[in-house]
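Working notes, beginning with the structure itself.
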Amino acid sequence: MSIKKELLVYNSLTRKKEVFKPINEGFIGMYVCGPTVYSDVHLGNVRTFVGFDIIYRFLCYLGYNVRYVRNITDVGHLLDDGEDRMSKGAKAENLEPMEVAQKYTNGFHAMMSIFNAKKPSIEPRATGHILEQIEMVQAIIDNGFGYEVNGSVYFDTLKFAHERKTYGKLSGRVIDELMAESRSDLKNQSDKKHPSDFAIWMKASDDHLMKWNSPWSVGFPGWHLECSVMSTKYLGKHFDIHGGGNDLKFPHHENEIAQNEGACNCSPSNYWLHTNMLLMNGKKMSKSDGNTITPEALMSGDSPHVSQGYDPMVIRFFMLQTHYASTLDISDDALKAAEKGYKRLMQANQVLNKLETTATGNGEDAEVLQLIEATLTDMCDDFNAPKALSRLFELVPKINSYKEGHLDVNQLSKSTLDALKALFHEFIFDVFGLKDISTGGSESAHIVNGLMELITDLRQDARANKDWGTSDKIRDKLTSLDIQLKDGKDGTSWLIN
RNA sequence: GGUCGCGUGGCCGAGCGGUUAGGCAGAGGUCUGCAAAACCUUGUACAGCGGUUCGAAUCCGCUCGCGACCUCCA
């Protein structure tokens, strides 16, 4: 196995861009914090997981054998009032907690599929790893970093911070400040030795729905614990990449590191990657002030925030235009622009696939090869998809010019043209994970293609006879069906708008 | 209040010390039966004020504005 190129990644842990070196040559273990399945997925989830999907796809493209683990959190994630998210959902909908988890897990999977995100290699659930979580709690206690109070077990952050000097490293927190700022009215605060200590096992109240037997109480695991346990179980104590949304840095990831170190005496992951938040019209998405839109509404157009619906591939393209670590500001104008750009790219790819050359080239070769190389280099620079995409767009006018005859395609050697075709195919579909919605590829698409060929032939005959009435009638009718005809030098192509 | 990040042409968005980003929109042109599409040409932008430097959107400081986290969050 050979890796195509050296990769740079921005590591949240060191706050620097670093050369990526896997622990085992050719292999990568990557853990990404998945959703808590207590309600419908929202757009922010989509942004995050599409972001990591592109990272995963690109690592595979580079030639790495990647084990991608993304969990489903279905227990232990508490609300402000101390109620478990799953339990709250269950009571509200009169369902078993596991029904709630299954319902929203299904919804999450469906949405990931709509956005063409690849499935992870392993998708473990927190409730499927209660035993392992209990074992890790015990290991943390045995190592002196956990203490039990009234059936609950807490992580001793103060002791850990003093002995290891790593607590707060990821998020830039200082434990003394946490102490000063922590409010005293938070749940079970009185049981903790220190305000920043967090529960790794919680004793359940009588009416709590999800609970398990343990050495300390009938209870349930803390929220941060499942990720420590499942990453360790499937990727080992020490693996390559850990990812998640920016908002998980603190406390979730910070506590995760503490648990891993507390239990296994080593830092879990070499590189920490964080995707940034999704904004709408420059502001945080928030249900309370109405500044929010569901993925469904964005696709259907059924929202005051958009003038029309957008295809998930257009939304994915839109996301590609912003670096994963930058905030993504969604707006109707930006989506409209993305829709046009997306179509232009897909059209260019179709045109490219029909180009042929017989010559041995030169003239055009150097420039095209240089752009091909630059695309790869940009993507290797911390997965800079927007920049890599811009390289593709630099090639689009060239491709169109070859077709139109403004540039001579025979100035391109066959090997360069093949490399160009490969670049477009691999980046658009394999790495960026886009789909060409104009071609479909289904049975009906095949029929449509045949019909359109017949119609454009008939119109071509009419035009040859200067029968403008007939040719315009055909064009106008197709236009009303949102089918656009494009008359070129060597025939007419069409596009469904 | 604390921590971190951001502010780029009409809109979106790369760049991170010297070279054209790119997309969308706009203008002029080529092509075309007309139109669309496509192609060509065209924009000299980096919140403000100082400083460092031969040279700054890019480094430093201050000011203003925005956002995230600090409490559940992708």
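So that the names make sense, note that chain A is the first sequence line, chain B the second, and so on, each numbered from 1. Computed over heavy atoms, backbone and side chain alike; hydrogens, waters and symmetry mates excluded.
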Quiz item: Which nucleotide, B/A21, B/A37, B/C39, lies nearest any side-chain atom of A/Pro397?
Solution: B/C39
Quiz item: With nearest nucleotides of RNA chain B determined for A/Lys398 and A/Ala337 from heavy-atom distances, which residue corresponds to the more 5′ nucleotide?
Solution: A/Ala337
Quiz prompt | Protein-nucleotide distance (A/Tyr56, atom OH; B/A74, atom C1'), rounded to Å | solution = 20 Å
Exercise. Quote, to the nearest angstrom, the P distance that separates B/A14 from B/G9.
Key: 13 Å
Exercise. Side chain of A/Ser471 only, please: which of B/A38, B/G33, B/A14 is the nearest?
Key: B/G33
Quiz item: Rounded to the Å, how far apart are A/Leu478 CG and B/A37 P?
Solution: 16 Å
Quiz item: Expressed in whole Å, how much space separates the P atoms belonging to B/C60 and B/G1?
Solution: 23 Å
Quiz item: Base, sugar-phosphate, or nothing: which does A/Gly44 touch, judged by heavy atoms less than 4.0 Å apart?
Solution: base
Quiz item: Considering only B/A14, B/A74, B/C39, which nucleotide approaches the side chain of A/Ser401 most closely?
Solution: B/C39
Self-check item: Listed nucleotide nearest any side-chain atom of A/Arg344, set B/G67, B/A21, B/G23
Solution: B/G23
Quiz item: Should the pair A/Asp53-A/Lys118 be classified as a salt bridge under the 4.0 Å nitrogen-to-oxygen rule?
Solution: no
Quiz prompt | Aromatic plane relationship, A/Trp272 with A/His274 - under 30° parallel, 30 to 60° tilted, over 60° perpendicular | solution = parallel
Quiz item: So, are A/Glu373 and A/Lys5 salt-bridged, with charged N and O less than 4.0 Å apart?
Solution: yes
Quiz item: What's the closest nucleotide to the A/Lys486 side chain, out of B/A37, B/C70, B/U32?
Solution: B/A37
Restricting both atoms to N or O, compile the protein contacts to nucleotides 15-20 of chain B shorter than 3.5 Å, with distance only.
unit_1 : atom_1 : unit_2   : atom_2 : d
B/G15  : OP1    : A/Asn384 : ND2    : 3.0

Self-check item: Side chain of A/Asn400 (C-beta onward), nearest among B/G33, B/G23, B/A38
Solution: B/A38
Quiz item: Is A/Thr322 close to A/Asn276 at the side-chain level, that is, under 4.5 Å between some pair of heavy atoms?
Solution: no
Self-check item: Approximate separation, where rounding is to 0.5 Å, of A/His253 NE2 and A/Leu248 CG
Solution: 4.5 Å
Quiz item: How far does the C1' atom of B/U19 sit from the matching atom of B/U44, given to the nearest Å?
Solution: 14 Å
Self-check item: Residue A/Leu279, side-chain heavy atoms: nucleotide from B/G13, B/A36, B/G67 that is nearest
Solution: B/G67
Self-check item: B/G50 versus B/C12 - spacing of their P atoms, nearest Å
Solution: 28 Å
Quiz item: Quick one: do A/Asp381 and A/Lys387 make a salt bridge, cutoff under 4.0 Å?
Solution: no
Practice problem: Check the distance between B/A74's P and A/Asn71's CG and give it to me in whole angstrom. | Solution: 10 Å
Quiz item: Hey, does the side-chain of A/Asp333 have a donor or acceptor N/O within less than 3.5 Å of a partner on the base of B/G10?
Solution: no
Exercise. Could you provide the dot-bracket string of RNA chain B, using ( ) for intrastrand pairs, [ ] for crossing pairs and | for bases paired to another strand, with Watson-Crick or G-U pairs below 3.5 Å?
Key: ((((((((.[[[..)..(...]]].(((((.......)))))....[[[[[..)....]]]]])))))))....
Listed pairs, N/O of protein and of nucleotides 4-8 of chain B, under 3.5 Å:
none

Quiz item: Whole-Å distance between B/U71 C1' and A/Asn255 CG?
Solution: 13 Å
Quiz item: Which part of the nucleic acid, if any, lies within reach of A/Lys340 when heavy atoms closer than 4.0 Å are counted: base, sugar-phosphate only, or nothing?
Solution: sugar-phosphate
Quiz item: Do A/Arg475 and A/Asp472 meet the salt-bridge criterion of a basic N to acidic O distance under 4.0 Å?
Solution: yes
Quiz item: Taking only residues two or more places apart in sequence or in another chain, which ones pass ring pair (Phe, Tyr, Trp, His ring centres under 6.0 Å) with A/Tyr56?
Solution: A/Tyr68
Quiz item: Within the structure shown, what part of the strands sits under 4.0 Å from A/Leu43 by heavy-atom distance: base, sugar-phosphate, or nothing?
Solution: nothing
Quiz item: Quick one: does A/Phe317's side chain get under 4.5 Å of A/Leu345's, heavy atoms only?
Solution: yes
Exercise. Round to the nearest Å and state the distance from A/Trp494 atom CH2 to B/A38 atom C1'.
Key: 19 Å
Quiz prompt | Separation of the C1' atoms in B/G29 and B/G23, to the nearest angstrom | solution = 22 Å
Quiz item: B/G33 base stacked by A/Trp468? Criteria: ring centres under 5.5 Å, plane angle under 30°.
Solution: yes
Quiz prompt | Interatomic distance, A/Glu254 CD vs B/A68 P [rounded to whole Å] | solution = 21 Å
Quiz item: Using 30° and 60° as the class limits, which term best fits the ring planes of A/Phe155 and A/Phe198: parallel, tilted or perpendicular?
Solution: parallel
Exercise. Find out whether A/Cys227 and A/Tyr31 are in side-chain contact, i.e. whether some heavy atom of one side chain is under 4.5 Å from a heavy atom of the other.
Key: yes
Exercise. State which of B/G22, B/G33, B/C39 makes the closest approach to the side chain of A/Val396.
Key: B/C39
Self-check item: Contacting residues from residues 108-115 of chain A, given that a heavy atom lies under 4.0 angstrom of RNA chain B
Solution: none
Quiz item: Side chain of A/Thr322: nearest nucleotide among B/G13, B/C39, B/C69?
Solution: B/G13
Quiz item: Between B/C49 and B/U42, how far is it from one C1' atom to the other, in whole Å?
Solution: 34 Å
Quiz prompt | Side-chain donor/acceptor of A/Ser228 to backbone N/O of A/Glu256, under 3.5 Å | solution = yes
Exercise. Output yes when A/Glu367 and A/Lys398 qualify as a salt bridge under the 4.0 Å nitrogen-oxygen rule, no when they do not.
Key: yes
Quiz item: From the list B/C34, B/A74, B/G22, which nucleotide is the closest neighbour of the side chain of A/Asp487?
Solution: B/C34
Practice problem: Please report, rounded to the nearest Å, how far the C1' atom of B/C70 is from the CG atom of A/Asn246. | Solution: 13 Å
Quiz item: Just checking A/Leu485: base, sugar-phosphate only, or nothing, at a heavy-atom cut-off of under 4.0 Å?
Solution: base
Quiz item: To the nearest Å, how far apart are A/Leu170 CG and B/C70 C1'?
Solution: 14 Å
Quiz item: Side chains of A/Ile483 and A/Met452: does their closest heavy-atom pair fall under 4.5 Å?
Solution: yes
Quiz item: Below 3.5 Å, does any donor atom in the side chain of A/Arg475 face an acceptor in the base of B/C34, or the other way round?
Solution: yes
Quiz prompt | For A/Asn11, all residues meeting side-chain hydrogen bond (donor to acceptor under 3.5 Å, both in side chains), sequence neighbours excluded | solution = A/Glu18
Quiz item: Would you call A/Lys336 and A/Glu339 a salt bridge, using N to O less than 4.0 angstrom?
Solution: no
Quiz item: Does A/Phe318 or A/Phe49 map to a spot on RNA chain B nearer the 5' end, using the closest nucleotide for each?
Solution: A/Phe318
Practice problem: May I ask you to say what A/Asp329 touches in the nucleic acid, namely base, sugar-phosphate or nothing, with a heavy-atom cut-off under 4.0 Å? | Solution: sugar-phosphate
Exercise. May I ask you to decide if A/Phe115's main-chain N or O and A/Arg316's side chain share a donor-acceptor pair within less than 3.5 Å?
Key: yes
